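Just so you know, these numbers come straight off a predicted model, no measurement behind them. Values reported hereafter were calculated over all heavy atoms of this structure, with side chains retained and with hydrogens, waters and symmetry mates removed.
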Amino acid sequence: MPADALALVLDQLNRFILRDDGGGSSDTRPAIWGNVAQLDHPETALALENQLLLSLVNVQEEGALRNTPGAAVGPQGVTYRHPPLHLNLFLLFSANYRNYETALKRLAQVLRFFQGRRVFTLASAPGALPDPPPFEDLSLTVDLLSLSFEEINHLWGSLGGRQMPFALYRGRMVVLETPGARAEGGLVREVDVVGRGT
């Protein structure tokens, strides 16, 4: 699911950039998946050059929704499922361009794209994923994160790469849910108390 959520965002971002650039080939993808930690490796650095890179730098469980009930009562009985896992995805958009002006232009396009669109669903992005999609629904809300200089230093230090123009976003509420029931049972319709004295 996280990969599908990011593919949805990446597809819509590429469409926006191509429109903003005045059109272009549908095969052109200015924004691609890319691990910025691999920029120091000669065998992968060339493929990531002159691209806007999307890297997943952290996955975090949404603690406020951790205690979702794992049982649902229906007319036929009780169905027990594993509670869904609600995730926050931290998305790093890095403008890896030799020309600094181009890098800043791409970064500005990322900021304008998310300023105009914060919520991503399957219904709002037709054709972004295979048909039929691998899940029933998806909702991702994206927020810009503002880091202090110390946090920026830690981020790029942990990635092991040189800093470049970037924006960090948090994608909230990706839900992972295991399909199918874990167990099923009948409803308790009456309680018979035995052995009570009168």
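In this structure, Phe166 and Leu92 have side chains that are in contact, with non-hydrogen atoms separated by less than 4.5 Å. Side chains of Leu140 and Leu8 form no contact here, defined as non-hydrogen atoms less than 4.5 Å apart. Taking the side chain as every heavy atom from C-beta outward, Val57 and Leu159 approach each other to under 4.5 Å.
For Tyr169 and Phe113, the ring centers sit 6.0 Å or farther from each other.
Applying the side-chain contact (heavy atoms from CB on, under 4.5 Å) test to Ile32 and every residue at least two apart in sequence or in another chain returns Arg29, Leu48, Gln51, Leu53. The side-chain contact (heavy atoms from CB on, under 4.5 Å) check on Gln115 picks up nothing, with sequence neighbours excluded. Remark: Ala103 pairs with Ala95, Tyr97, Pro165 by the side-chain contact (heavy atoms from CB on, under 4.5 Å) rule, at least two apart or across chains. With sequence neighbours left out, the salt bridge (Lys or Arg N to Asp or Glu O under 4.0 Å) criterion links Asp21 to Lys105, Arg106. In this view, Leu56 and Leu6, Val59, Leu89, Leu91 satisfy the side-chain contact (heavy atoms from CB on, under 4.5 Å) rule, not counting sequence neighbours.
Closest approach of Arg98 and Asn50 over heavy atoms only: N-OD1, 3.2 Å. Smallest separation of non-hydrogen atoms from Phe16 and Gln109: CE2-O, 3.4 Å. Between Asn35 and Ser55 the shortest heavy-atom distance is CA-OG, 3.9 Å. When all heavy atoms of Ser94 and Trp156 are compared, the pair lying nearest together is OG-CH2, 3.7 Å.
Atoms CZ and CG, on Phe93 and Leu107 in that order, are 10.5 Å from each other to the nearest 0.5 Å. Atom CG of Leu52 sits about 12.0 Å away from atom OG1 of Thr102, to the nearest 0.5 Å. The CZ atom of Arg170 lies 5.5 Å from the CG atom of Leu145; values are rounded to the nearest 0.5 Å. Once rounded to the nearest 0.5 Å, the distance linking CG of Asn96 with CD of Glu49 reads 7.0 Å. In this structure, Leu54 CG and Leu13 CG are separated by 8.5 Å, a value rounded to the nearest 0.5 Å. A distance of 7.5 Å separates CG in Leu87 from CD in Glu61, rounded to the nearest 0.5 Å.
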Practice task
Apply the test side-chain contact (heavy atoms from CB on, under 4.5 Å) to residues Val9 and Phe114: give CA-CA distance (whole Å), side-chain angles for both, the deciding distance (0.1 Å), then the verdict.
Solution key: CA-CA 10 Å; Val9 171; Phe114 286 115; 3.7 Å; yes
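Hydrophobic side-chain contacts under 4.5 Å tie Leu104 into a cluster, directly or through other members, with Tyr100.
Checking side-chain atoms of Asn14 against main-chain N and O of Leu10 turns up a donor-acceptor pair under 3.5 Å.
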